[in-house]
Amino acid sequence: MFRNKEVLRPSYTPEELPHRQAQINQLATILVAALRGETPSNVFIYGKTGTGKTAVTRFVGKELQRTGQEKDRAVFFIYINCELVDTQYRVLTHIANHFIEDWNDRIPFTGWPTDEVYDKLKKKIDEKDGACIIVLDEIDKLVFKAGDDVLYNLSRINDDLKRAKVSVIGISNDLKFTEFLDPRVKSSLGEEEVIFPPYDAVQLQDILRQRAAVAFKEDSLEASVIPLCAALAAQEHGDARRALDLLRVAAELAEREGQKTISEKYVRKAQNKIELDRVTEVVRTLPTQSKLVLLATILGEEDGTKGLTTGEVYDTYRELCQAAHMDVLTQRRVTDLISELDMLGILQARVISKGRYGRTKEIQMSVPLDETKAVLREDPVLEPIVGFSPKKQARLF
DNA sequence: TGTCCACTGGAAGGGAGGGCTT
DNA sequence: AAGCCCTCCCTTCCAGTGGACA
C-alpha cells in the first residue's frame, strides 16, 4: 500500500507548499536583504498550529542559504524551538554554539553567568561576516516562561556588532502574548508581520492529494477518504498536520488489518486513536507526584462525588501518598499540579464560589477513566494503589 | 448588610543537582 | 576545594475573594 510513508510525517518539508505562495514571497522579500549585505527586518509570524508557519520558514531559510552560497554571501539560519529551549540562558547558548565548531569550546548547558554567554555570543557572531537569521519557533512559550529579556537583548545586539547582522523571526500561534511584551520589544519584533490563515477544507484536500500521490501506490485510497480527512481537520481550525496524521494513521490501521485499500472507516478509527495516543503519552510521562494527584481525582470521581473540590482531591492524594510511601506535598503545590493537568487537557478545573462554604476549584476528568488508570498502573509506584478506594479505607477506622 | 469559609494564586526563598572558574 | 551561577521542585507566608448565610 505504501510507497513512501515519510512524506506523511510532520517533520517532512515538501518541495512545494500549496496555498502558501503569498507567505513565501512575503517572507522572502523581507529576508532577501541579507543577500545584499543589509540587515533584514525582524519578523513576527502568526498562525494557528498546522498552517505551515514552520515549513514555510524552513523552506525560505533553505533557499536563502543556497542562494547565499551561490553569491558567496554567508547566511546563517538558526532554528530554535522554544518549547524545548525555553530560558534566556539556553537560547543564547544554543545560538552561540551554532558558531562554535570545536566541541571542547562549546558553552555548557549550565554553569556560566548569562552575561558571559552573551559576550561570547557577540564575539563569535562578529567573527563571521554575514547575516544571521534566528528563528524562535513557539516564541510565546519562551516569553511565558522566561519573560522578554532575551528578545530585548537580541533585538539590540546589532548595536554591538561591527560586521555581522542579526535578525530575529518570532513564530507564534498565540497573539495574546504580545500584550506582555515591553513596548520596545514589541515594536522591534513586529517590524514586519506575516499572517498564516487556516487552510479551508478544499486547500487541505490539495495538500493531502499532493502527499498521497507520493506516499501511496495507485488505487490505495477510496475516493471519500481524502475529503473526510480534510473535513475533520478543517474543523480543527484548518490544521494540516492533523489532516496528514489522520491519513497516515488510517493507512497504518488498514495495513495492519491486511487491507489493500483505505476506507472511511479507518479514518474514523484513526481519529479516536490519535486522541487516545496523545492522552496516553502525556499521562505516561507525567512526574510521579502528578500521577498521584491524577489518581486521586479519578478515584474521587469513581466514588461518585459530584463537583470534586481541591480539598477533597488533596485528602485522597494524601492517603495515596502514605499508602505508596511517597512524600506528601503541600496543598499549595498540589494546586499548581492540578493547574498543570488542566493545561494538558487531562482534567478541567474551574474556580467556583460556594458562598458560605468557601471558594475552591471544581475538578472534573476530561479523559476516559479506565484507560487512564491502565496507563497509571504501568508505573511501579502507582501499581499497588490504583485499586485503592478512599471511602472503604476510611471505614476501617 | 456584613461575615466568613476554603480556598486561590502571587512572592520570596531554600536547597539539591547540574556546572563553571580560580 | 572554594566560590559562583542556573534551573527545578518545592515550602512558607499571606493578601484577596465570590457569594450563601445570618
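Chain letters run A, B, ... following the sequence lines, proteins first and then strands; every chain starts at 1.
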Next on the checklist: Tell me the interatomic distance from A/Asn97, atom CG, to B/dC20, atom P, rounded to whole angstroms.
Outcome noted: 12 Å

Item to check | Interface with DNA chain C, restricted to residues 82-92 of chain A and to heavy atoms under 4.0 Å | outcome: A/Thr87, A/Tyr89, A/Arg90

Checklist entry - What about A/Tyr46 and A/Phe196, are their ring centers closer than 6.0 Å? => result no

Checklist entry - Side-chain N or O of A/Thr335 less than 4.0 angstrom from OP1 or OP2 on B/dG9? => result no

Checklist entry - Do the side-chain N or O atoms of A/Thr114 get closer than 4.0 angstrom to the phosphate oxygens (OP1, OP2) of C/dC6? => result yes

Would you tabulate the pairs of protein nitrogen or oxygen atoms and nucleotide nitrogen or oxygen atoms of nucleotides 14-17 of chain C closer than 3.5 angstrom?
from: C/dT17; atom 1: O2; to: A/Arg359; atom 2: NE; distance (Å): 3.0

Checklist entry - Rounded to whole angstrom units, what separation is found between the CG atom of A/Leu329 and the P atom of C/dC8? => result 18 Å

Checklist entry - To the nearest angstrom, how far is A/Tyr357 atom OH from B/dT3 atom P? => result 19 Å

Checklist entry - Could you state the CG-C1' distance from A/Leu337 to B/dG9, rounded to the nearest angstrom? => result 14 Å

Item to check | side chain to side chain contact (heavy atoms under 4.5 Å, CB included) between A/Glu236 and A/Lys48, worked out | outcome: CA-CA 10 Å; A/Glu236 301 251 338; A/Lys48 287 267 162 59; over 6 Å; no

Checklist entry - Is the base of B/dG18 touched by the side chain of A/Thr110 through a donor-acceptor pair closer than 3.5 angstrom? => result yes

Checklist entry - For the residue pair A/His98 and A/Phe76, does the interplanar ring angle fall in the parallel (under 30°), tilted (30 to 60°) or perpendicular (over 60°) class? => result perpendicular

Next on the checklist: So if I take every side-chain heavy atom of A/Trp112 and compare against B/dG19, B/dC7, B/dT21, which nucleotide ends up nearest?
Outcome noted: B/dT21

Checklist outcome for this item: Rounded to whole Å, NZ of A/Lys361 lies from P of B/dT8 at a distance of 5 Å

Item to check | Options C/dC5, B/dG19, C/dA20, nucleotide nearest the side-chain atoms of A/Arg356 | outcome: C/dA20

Next on the checklist: Need one value for A/Thr309: base, sugar-phosphate or nothing, where a base atom within 4.0 Å counts as base even if backbone is also close, heavy atoms only.
Outcome noted: sugar-phosphate

Checklist entry - Base, sugar-phosphate, or nothing: which does A/Glu116 touch, judged by heavy atoms less than 4.0 Å apart? => result nothing

Item to check | Cationic N near anionic O, under 4.0 Å, A/Lys123 to A/Asp119 | outcome: no

Next on the checklist: For a quick check of understanding: with a heavy-atom distance under 4.0 Å over all strands, which category does A/Val328 fall into, base, sugar-phosphate or nothing?
Outcome noted: sugar-phosphate

Next on the checklist: Measuring from atom CD of A/Glu264 to atom CG of A/Leu221, what distance do you get when rounded to the nearest 0.5 angstrom?
Outcome noted: 12.0 Å

Next on the checklist: Measure CG/A/Asp115 against P/B/dC20 and give the value in whole Å, please.
Outcome noted: 17 Å

Checklist outcome for this item: Regarding the side chain of A/Thr360, the nearest nucleotide among B/dC7, C/dC5, B/dG18 is B/dC7

Item to check | Short side-chain N/O contact to C/dC10 OP1/OP2 from A/Thr330, under 4.0 Å | outcome: no

Next on the checklist: Side chains of A/Leu344 and A/Leu286, heavy atoms from C-beta outward: is any pair under 4.5 Å?
Outcome noted: yes

Checklist entry - side chain to side chain contact (heavy atoms under 4.5 Å, CB included) between A/Leu382 and A/Arg377: does it pass, once the steps are laid out? => result CA-CA 6 Å; A/Leu382 280 280; A/Arg377 202 170 276 130; over 6 Å; no

Checklist entry - Are side-chain heavy atoms of A/Leu151 and A/Ile139 found at a separation under 4.5 Å? => result yes

Next on the checklist: Is there a side-chain contact between A/Thr310 and the phosphate of B/dT8, meaning an N or O under 4.0 Å from OP1 or OP2?
Outcome noted: yes

Checklist outcome for this item: Heavy-atom nearest pair, A/Ile78 first then A/Cys132, reads CD1-SG, 3.9 Å

Checklist entry - With a cut-off of under 6.0 Å to the ring centre and 45° to the axis, is A/Lys5 in cation-pi contact with A/Phe2? => result yes

Item to check | For atom CZ of A/Arg333 and atom P of B/dG9, their distance in whole Å | outcome: 14 Å

Next on the checklist: Between P on C/dC8 and CG on A/Asp327, what's the gap in Å once rounded to a whole number?
Outcome noted: 21 Å

